[in-house]
2 protein chains.
Amino acid sequence: MGTEERDEVEYDVFSRYCPSRSTLEHVTGRWGTLTLGALETGPLRFNALLRRVDGVSQKMLAQTLLALERDGFVDRENLSTAGLHVEYRLTRLGRDTAAQLLLLTGLLESRMPEVLAAQLRYDEARTGP
Amino acid sequence: MGTEERDEVEYDVFSRYCPSRSTLEHVTGRWGTLTLGALETGPLRFNALLRRVDGVSQKMLAQTLLALERDGFVDRENLSTAGLHVEYRLTRLGRDTAAQLLLLTGLLESRMPEVLAAQLRYDEARTGP
DNA sequence: CAGCATCCTTATCGATACTG
DNA sequence: CAGTATCGATAAGGATGCTG
């Protein structure tokens with residue numbers, strides 16, 4: 001064992017034209033993180049996502065889902081019997097990514113008191129010195 | 001037992017007006033992730049960051065750093081002796097956050113083959129059925 | 001229900017020039 | 001060096017109406 005060749009670092013998000021850069025932007029973009037996070041607890045329909053991701057518009061949600069589906073994070077499943085019924089579910093890759101994202105959002109939520117304190121300090125240092 | 005009150009989920013990124021939402025956007029925004037990631041290995045000067053975060057403009061970098069400093073992720077240190085010398089370094093909060101972000105970018109980089117394969121499948125299913 | 005098409009407004013961005 | 005200021009182009013975003 002140990003003879004299989006290791007993957008070299010082929011991709012680098014810090015490089016402008018690396019394909020991983022645009023994928024990073026889809027995932028961490030304004031609605032990407034929240035959409036993936038919302039799907040982490042299970043498949044959801046379009047309108048359910050629309051409600052869950054507070055503030056997103058139909059247009060942006062559709063656009064976000066399209067990019068995430070194309071990148072292989074989300075599967076779109078058409079369950080039409082009568083009327084339209086479409087479900088979005090995470091792929092394996094999507095689940096792994098969403099798990100990471102939820103760790104991040106959880107971290108941020110839990111540290112918001114620090115953030116708010118920093119903002120206060122920052123603003124005060126500049127308005128009433 | 002169980003009588004101490006648990007921290008309720010006070011902050012929720014899924015809620016439109018929760019302050020954590022804008023902080024999430026600063027951190028995961030187009031340049032936030034890369035800027036924090038770049039600083040994870042140690043303090044850097046403005047122009048060094050400009051080079052490291054490939055593709056960012058002066059304007060966007062300045063804006064990003066300002067938001068991250070205000071939110072308490074980055075400290076700006078003025079080391080002027082002769083000429084200007086400013087260093088940016090992560091705070092404790094910034095380090096914790098950057099660590100999470102690097103796990104995410106690392107995950108994405110390592111799974112890019114999956115992503116590219118998915119993109120190919122997606123595009124082919126729509127151009128030549 | 002799950003979208004796409006359209007229009008229109010706003011925000012983002014990049015390039016350039018300038019400053020202490 | 002480390003930015004700020006300004007401008008014009010482009011993209012993101014919201015609102016509305018329409019369709020299978």
Side-chain angles (χ1 to χ4, degrees), chain A residues 14-17 21-35 38-39 42-71 74-89 122 125-126, chain B residues 14 16-17 21-35 38-39 42-70 74-89 122 125-127 129:
Chain A
F14 286 100
S15 298
R16 193 171 189 173
Y17 300 112
R21 177 70 78 89
S22 62
T23 298
L24 176 68
E25 283 172 8
H26 295 154
V27 167
T28 63
R30 187 156 179 202
W31 304 116
T33 299
L34 294 172
T35 302
L39 289 172
L44 286 175
R45 303 176 65 165
F46 188 85
N47 281 323
L49 272 171
L50 208 53
R51 283 185 294 275
R52 178 82 178 109
V53 181
D54 191 20
V56 72
S57 66
Q58 281 192 333
K59 183 182 173 180
M60 283 302 104
L61 181 57
Q63 210 170 98
T64 301
L65 284 169
L66 187 108
L68 292 177
E69 192 196 346
R70 192 176 102 96
D71 284 355
V74 167
D75 267 343
R76 184 182 182 283
E77 197 168 358
N78 198 323
L79 304 171
S80 292
T81 49
L84 292 189
H85 185 155
V86 175
E87 268 190 7
Y88 294 92
R89 69 176 66 243
Y122 186 94
R126 265 139 272 255
Chain B
F14 286 98
R16 191 173 193 172
Y17 300 113
R21 177 70 77 92
S22 62
T23 298
L24 175 68
E25 283 171 6
H26 296 154
V27 167
T28 63
R30 186 156 180 201
W31 305 115
T33 299
L34 294 172
T35 302
L39 289 171
L44 287 175
R45 301 176 64 162
F46 188 85
N47 281 325
L49 271 170
L50 209 52
R51 284 185 295 274
R52 177 82 178 109
V53 181
D54 190 21
V56 73
S57 66
Q58 281 193 333
K59 183 183 173 181
M60 284 301 102
L61 180 58
Q63 212 171 96
T64 301
L65 284 168
L66 187 109
L68 292 177
E69 191 196 347
R70 193 176 100 96
V74 167
D75 268 343
R76 182 183 183 282
E77 198 168 357
N78 198 325
L79 303 171
S80 292
T81 49
L84 292 188
H85 185 154
V86 175
E87 268 190 6
Y88 294 92
R89 67 176 67 246
Y122 186 93
R126 265 139 271 256
T127 54

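Below, chain A is the first sequence line, B the second, and so on; all start at residue 1.
- Between A:R76 and the phosphate of C:dG3, there is a side-chain N or O to OP1/OP2 separation shorter than 4.0 Å.
- Listed pair B:Y88 / D:dC1 fails the phosphate criterion, with no side-chain N or O lying under 4.0 Å from OP1 or OP2.
- Nucleotide C:dC4 holds its P atom 13 Å from the CG atom of A:N47, rounded to whole Å.
- Between the CG atom of B:L66 and the P atom of D:dA2 there is a distance of 16 Å, given to the nearest Å.
- Side-chain proximity of B:W31 to the nucleotides C:dG14, D:dC1, C:dA2 is greatest for C:dG14.
- Side-chain contact check for A:L49 versus A:L65: some heavy-atom pair is nearer than 4.5 Å.
- What separates CG of A:N78 from P of D:dG20 is a distance of 16 Å, to the nearest Å.
- Close to D:dC1, at under 4.0 Å from its OP1 or OP2, lies no side-chain N or O of B:R45.
- Between the CZ atom of B:R30 and the C1' atom of C:dT12 there is a distance of 9 Å, rounded to whole Å.
- Summarising the geometry, the separation between CE on A:M60 and P on D:dT16 is reported as 16 Å, rounded to the nearest angstrom.
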Trace of the side-chain contact (heavy atoms from CB on, under 4.5 Å) decision for B:F14 with A:L34:
CA-CA 7 Å; B:F14 286 98; A:L34 294 172; 4.0 Å; yes
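- Both B:G83 and A:K59 lie close to DNA chain D; mapped to their nearest nucleotides by heavy-atom distance, the more 5′-ward contact belongs to B:G83.
- OP1 or OP2 of D:dG14 sits under 4.0 Å from a side-chain N or O of A:S57.
- Using a 4.5 Å cut-off on side-chain heavy atoms (C-beta onward), A:L39 and A:L68 make no contact.
- Atom CG of A:D54 and atom P of D:dG13 are 15 Å apart (whole Å).
- Rounding to whole angstrom units, CG of residue A:L50 and P of C:dC1 are separated by 11 Å.
- Annotation: of the two residues near DNA chain C, A:R16 and A:F46, the 5′-most nearest-nucleotide partner is A:F46.
- Both the sub-6.0 Å distance and the 45° axial angle are satisfied by A:R126 relative to the ring of A:Y122.
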